[in-house]
Amino acid sequence: MEDEFGQLLDPALETMHQRVIIHIDIDCFYAQVEMLKNPELRNQPLGIQQKNIVVTCNYVARQFGLKKCMLLAEAKELCPSLVLVKGEDLFDYRQMSSKVTSVLQKFSPLVEKLGLDENFIDVTQVVAEKLQNGFNSGQNIAGHVYSDVTENCMCGCFNRLSVGSVIAADMRAQIYEELGLTCCAGIAHNKLLAKLVCGVQKPNQQTTILPCSVPGLMAGIQNIRKIPGIGHRTSEILQSLGICSVSDLQNSSDKSLQQALGHDVVERLKKLSFGHDDSMVRPSGKPQSIGLEDGFRKISLESEVKEKCLLLLQRLMALLVEDGRIPGAIRVTVRKYNSANRQSHRESRQCNISPSIFRPKITVLSPNARQKLLMSIMKLFYKMVNISKPFHLTLLGIAFTKFQERCSGKGSITSFLMNDISVQSVLDFRNMSTSAVEEMECSPADNVCQDRSGSESEHEPSPKKTRSDFWRIRRKRSFTESDVDSINKMEVPELRLNTGEPFDKEVFQKLPSVIQEEVMESLVDLPQLTNRLGISESDNTSTGVCPPNVDPTVFRELPSDVQQELVQSWNSVNKSHTTQSPQTNSSGRKPCQNSILQYVSSSSK
DNA sequence: CCGGGCTTGT
DNA sequence: ACAAGCC
């Protein structure tokens with residue numbers, strides 16, 4: 001509308017309002033969960049406390065003037081009768097949150113979580129179907145309408161949004177009936193507006209905005225910081241450049257702004273300031289990482305660190321088990337005390353871990369496995385904190401990441417092959433020593449590229465001998481130099497690719513005893529697996545597509561996608577072993593998550 | 001001790 | 001790996 005003709009080319013998304021987006025926000029989520037757990041809290045001013053902060057409170061408490069994220073003392077002063085419930089353990093909230101999401105997913109598969117208490121739902125398709133089936137909202141919008149409807153948009157969005165408002169009302173009713181939670185909803189043609197308008201009428205209500213009211217809504221925003229996407233830092237930068245109001249941002253054409261935030265960011269923010277947002281609702285799925293952290297006054301002893309980590313680890317395992325997936329990496333986060341830089345500056349390090357730690361089942365960690373994880377954790381910790389000098393931490397966190405695609409439960413055969421035990425344990429070994437094996441750490445792409453000219457045999461260590469973690473050599477030196485040297489890289493592929501047995505005995509015996517132990521330990525579940533897979537003597541009767549290392553009978557029973565993956569993983573290994581060109585295998589579809597395949601292919605022949 | 005998680009972009 | 005964003 002306010003766009004010029006020339007800009008109409010710019011995808012008509014914003015002038016056509018084709019989508020219908022609903023934003024659902026549970027009212028004071030933590031407080032509602034606590035009130036469900038203990039109904040006596042309903043009529044009292046309730047605050048949810050995390051450490052020194054009242055992170056949210058019920059509406060009774062809000063009448064005293066309490067706001068979100070108030071300091072404990074401040075809240076107590078406003079409301080001496082405030083009842084406090086600790087909310088540091090998010091378990092119940094997380095659980096309720098996923099119930100909410102489940103309810104919403106019954107309406108549309110396009111549900112995106114934002115934190116624990118908010119969801120975006122793209123109901124465009126649902127609305128279209130309803131309209132096609134002759135559903136008539138009677139032009140009535142359920143709940144509130146933002147401002148006045150001054151004009152009738154030609155694109156038909158009024159109809160769509162009114163149907164959307166009915167769906168939103170239905171969603172809220174179901175959330176209340178099934179879970180006992182009240183919430184707000186915002187209905188609009190994009191995510192930004194849906195979220196902004198959601199909060200217009202506050203508890204337990206919903207609001208729809210029509211395109212004609214958008215300029216009014218945006219102009220009504222006093223603080224630029226209120227626009228989702230403009231956080232603390234960005235608003236500071238904007239303010240320092242004299243951009244304080246929404247209209248300031250709309251009219252900004254500053255060059256210093258571009259250089260401060262980058263061209264793309266500025267363009268995005270400017271569009272936001274007009275209420276334009278073409279970002280999609282991205283179905284959330286499972287989280288990319290699962291972690292826990294704990295803040296405290298002070299930790300300055302190594303033993304305290306270990307203690308804390310073990311506690312975190314134990315709690316984390318419960319979450320991991322619940323999730324069901326197996327992580328491929330672990331990350332440790334610290335916050336060092338810093339009086340000057342009070343802004344929580346965090347530091348983190350991560351490393352890959354052997355999935356075999358979690359075998360045969362991911363249920364409970366064996367004491368041994370726990371020790372191993374703690375070792376990894378501490379190694380990461382030492383990278384950040386030099387414990388030979390005094391230190392002062394105010395936070396410790398542990399998180400698991402890099403989850404395997406298809407794992408545990410059904411069909412982790414591929415992951416078994418990909419993360420072959422013997423190879424994996426060598427990978428672990430690599431982590432504990434600085435030696436020729438270390439360059440496996442560099443990315444597959446690096447390996448391939450650098451090998452391009454050099455060709456065969458000795459895969460040269462990458463020139464960038466990056467962080468020479470000297471502590472790694474000094475500390476935790478469980479292997480001798482000869483141990484390290486005895487692991488000839490050429491033996492690794494042998495170990496893996498010998499199809500007669502899980503691995504070659506002679507090669508195995510040459511390994512350091514520590515490694516042998518680990519391999520043996522990881523083999524606990526191997527008999528079943530080898531039987532099931534029928535990994536046996538060169539059964540090389542090439543039966544169609546079935547890889548020779550897999551029993552054809554078993555193979556045929558597998559889901560086709562698993563079959564495909566097996567073929568691919570076999571091909572990539574086999575090709576690299578028999579032919580040459582490391583290139584070919586890296587170009588294979590499935591990029592191996594494990595750089596070992598790259599390593600194997602580039603170092604062997 | 002501005003909480004405790006999580007995601008995304010550089 | 002980190003900064004910044006979201007709740």
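The model shown is predicted, which means the values in this text are computed figures rather than measured ones.
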Scan [X] against the nucleic acid and name what it touches under 4.0 Å (heavy atoms): base, sugar-phosphate only, or nothing.
X: Arg225(A); answer: sugar-phosphate
X: Gly87(A); answer: nothing
X: Gln49(A); answer: nothing
X: Glu118(A); answer: sugar-phosphate
X: Leu71(A); answer: nothing

Nearest-nucleotide pick for [X], side chain only, options being [options]:
X: Pro228(A); options: dG5(B), dG3(B), dC6(C); result: dC6(C)
X: Lys51(A); options: dG3(B), dC7(C), dC2(C); result: dG3(B)
X: Ser348(A); options: dA4(C), dC1(B), dA1(C); result: dA1(C)
X: Leu90(A); options: dG4(B), dC6(C), dG3(B); result: dG4(B)
X: Ser289(A); options: dC7(C), dC6(B), dG4(B); result: dC6(B)
X: Gln288(A); options: dC1(B), dT7(B), dC7(C); result: dT7(B)
X: Arg282(A); options: dT8(B), dC7(C), dG4(B); result: dT8(B)

Expressed in angstrom and rounded to an integer, what is the separation of [X] atom [atom1] from [N] atom [atom2]?
X: Lys191(A); N: dC6(C); atom1: NZ; atom2: P; answer: 12 Å
X: Phe91(A); N: dG3(B); atom1: CZ; atom2: P; answer: 24 Å
X: Leu261(A); N: dT8(B); atom1: CG; atom2: C1'; answer: 16 Å
X: Arg335(A); N: dG4(B); atom1: CZ; atom2: C1'; answer: 11 Å
X: Glu322(A); N: dG5(B); atom1: CD; atom2: P; answer: 14 Å

**Asked** What heavy-atom pair brings Ile398(A) and Leu316(A) nearest, and what distance separates the two atoms?
**Response**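 That closest heavy-atom pairing would be O-CD1, 3.5 Å.
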**Item:** Closest non-hydrogen atom pair, Gly295(A) against Lys51(A)
**Value:**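 So the two residues come closest at O-NZ, 3.0 Å.
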**5' precedence on DNA chain B between Arg297(A) and Pro287(A) (nearest-nucleotide basis)** =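 Its nearest nucleotide lies further toward 5', so the answer is Arg297(A).
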**Message:** Let me spell it out: for each of Val265(A) and Glu88(A), pick the nucleotide of DNA chain B with the closest heavy atom. Which residue's pick is nearer the 5' end?
**Reply:**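 Its nearest nucleotide lies further toward 5', so the answer is Glu88(A).
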**Interatomic distance at P, dA4(C) relative to dC1(B), whole Å** =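 So the two P atoms sit 23 Å from each other.
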With a 4.0 Å cut-off, would you call [X] and [Y] a salt bridge?
X: Lys37(A); Y: Glu34(A); value: yes
X: Arg335(A); Y: Glu293(A); value: no
X: Glu322(A); Y: Arg94(A); value: no

